[in-house]
Chemist: 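Okay, here's the structure, questions in a sec.
We count ligands from 1, going down the list as the structure has it; atoms in each ligand are counted the same way. Note that the structure is a prediction, hence the values are computed from the model and not measured.
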Amino acid sequence: SEIIYATQEVAGWLWEKGWAEKNAGNISINVSPSATDKSSPKKYGNPRKLVCRFPALAGQSLLVTAAGSRMRDLSRDPAQYLGIIRLSSRGDAYQVTWSGRDPFLFQPTSELPSHLAIQEFFIIRRNGNKVVLHTHPDELVALTHLPVYKSTRDLNRLMRAIHPEISYHIPRGVGWVPFLKPGSQALGKATVSTLLHHDIVLWERHGCLATGPDIAGTFDLVDVLNKAAKIFFLRCRA
Ligand code: 13P
Ligand code: ZN
């Protein structure tokens with residue numbers, strides 16, 4: 001479909017940018033059919049229980065990247081490394097409804113707790129967002145190592161000074177999320193509270209996470225922000 005093609009294209013960009021070493025990065029997109037479409041998709045295997053509930057995601061379908069999948073592989077053969085999961089009516093379990101590989105064996109990204117928390121946040125806020133994109137851009141990650149920029153205020157001041165167009169492309173600025181264990185519920189929770197005020201956040205010593213209504217526009221947020229960080233480091237060298 002169109003969404004799979006767009007995801008394939010962005011996976012290629014992430015790899016070419018050098019932001020996707022090994023299996024780094026993951027993507028989720030809300031692909032729920034419209035409210036008028038009452039058909040129930042085929043489900044593979046027993047419901048898989050979640051450690052916490054996401055009531056607002058009840059019945060929603062999410063296209064997600066597979067745990068351990070490489071963006072460079074996804075860019076060649078997307079169906080093999082993607083699956084669709086459907087949340088139960090209580091929002092406390094999910095079933096796989098599609099994967100290009102064996103759907104019984106499909107394992108969603110290890111960052112699923114963050115993706116679910118953020119996708120639920122989109123629905124609660126009715127902000128029209130559908131995409132969560134996590135990646136490891138070199139310059140942005142390097143920036144999170146510098147003690148003087150470990151705050152939302154100082155980060156935004158720097159980014160705007162370096163690249164004034166940031167205010168236009170990323171009007172709500174960038175959020176700061178202190179280091180938390182990758183794949184943890186805590187990381188998802190901290191990210192959601194930061195997304196109240198921003199559309200893109202940095203994960204300290206890990207990477208960045210961007211949100212938006214479509215995947216190409218979401219990629220653009222990362223690209224613009226990383227450009228500013230790149231210019232910052234070039235200027236340091238000059
Ligand atoms: P996954 O391969 O499980 O998506 O993990 C990649 C990653 O970047 C974890 O933060
Ligand atoms: Zn990561």
Chemist: If I apply the N/O under 3.5 Å rule, does A24 come out as touching ligand 1?
Modeler: no
Chemist: Closer than 4.0 Å to some heavy atom of H136 - which atoms of ligand 1 meet that?
Modeler: 8 (O)
Chemist: So what does the H206 NE2 - the Zn ion (ligand 2) - H134 NE2 angle come to, to 10°?
Modeler: 100°
Chemist: In the protein, what heavy atom is nearest to atom 3 (O) of ligand 1, and what distance, to one decimal place, separates them?
Modeler: S110 OG, 2.7 Å
Chemist: Examine W203 against ligand 1 and note whether any of their N/O atoms are separated by less than 3.5 Å.
Modeler: no
Chemist: Could you tell me whether the side chains of Q95 and S88 share a donor-acceptor contact shorter than 3.5 Å?
Modeler: no
Chemist: Any idea which atoms of ligand 1 are less than 4.0 Å away from a heavy-atom of H206?
Modeler: 10 (O)
Chemist: With a distance cut-off below 6.0 Å to the six-membered ring centre and an angular limit of 45° from the axis, does K42 pair with Y44 as a cation-pi contact?
Modeler: yes
Chemist: Is the shortest N/O to N/O distance between A66 and ligand 1 below 3.5 Å?
Modeler: no
Chemist: Could you say whether the N/O atoms of T109 and ligand 1 ever approach to under 3.5 Å?
Modeler: yes
Chemist: For atom 10 (O) of ligand 1, find the nearest protein heavy atom and state the residue, atom name and distance (0.1 Å precision).
Modeler: E111 OE2, 2.5 Å
Chemist: Side chains of H169 and E165: any donor to acceptor distance under 3.5 Å?
Modeler: yes
Chemist: Should we count CG of N46 as having more than 12 external heavy atoms under 6.0 Å?
Modeler: no
Chemist: If you have a sec, work out which protein heavy atom is nearest atom 7 (C) of ligand 1 and how many Å separate them, to one decimal?
Modeler: N26 ND2, 3.4 Å
Chemist: When you measure from atom 8 (O) of ligand 1 to every protein heavy atom, which one gives the shortest distance, and what is it?
Modeler: G25 N, 2.9 Å
Chemist: Would N30 and Q60 count as having a side-chain donor-acceptor pair, cut-off 3.5 Å?
Modeler: yes
Chemist: Testing the 3.5 Å rule here: is there a donor-acceptor pair between the side chains of D154 and S151?
Modeler: yes
Chemist: To the nearest 0.5 angstrom, please state how far the CG atom of L209 sits from the NE2 atom of H198.
Modeler: 13.0 Å
Chemist: Enumerate the atoms of ligand 1 whose separation from the nearest heavy atom of H134 is less than 4.0 angstrom.
Modeler: 8 (O), 10 (O)
Chemist: Could you tell me whether the side chains of N226 and E139 share a donor-acceptor contact shorter than 3.5 Å?
Modeler: yes
Chemist: So if I count the atoms of ligand 1 from 1 in the order they appear, which ones are less than 4.0 Å from some heavy atom of N23?
Modeler: 1 (P), 2 (O), 5 (O), 6 (C)
Chemist: Please tell me whether H206 and H134 have a donor and an acceptor in their side chains that are separated by less than 3.5 angstrom.
Modeler: yes
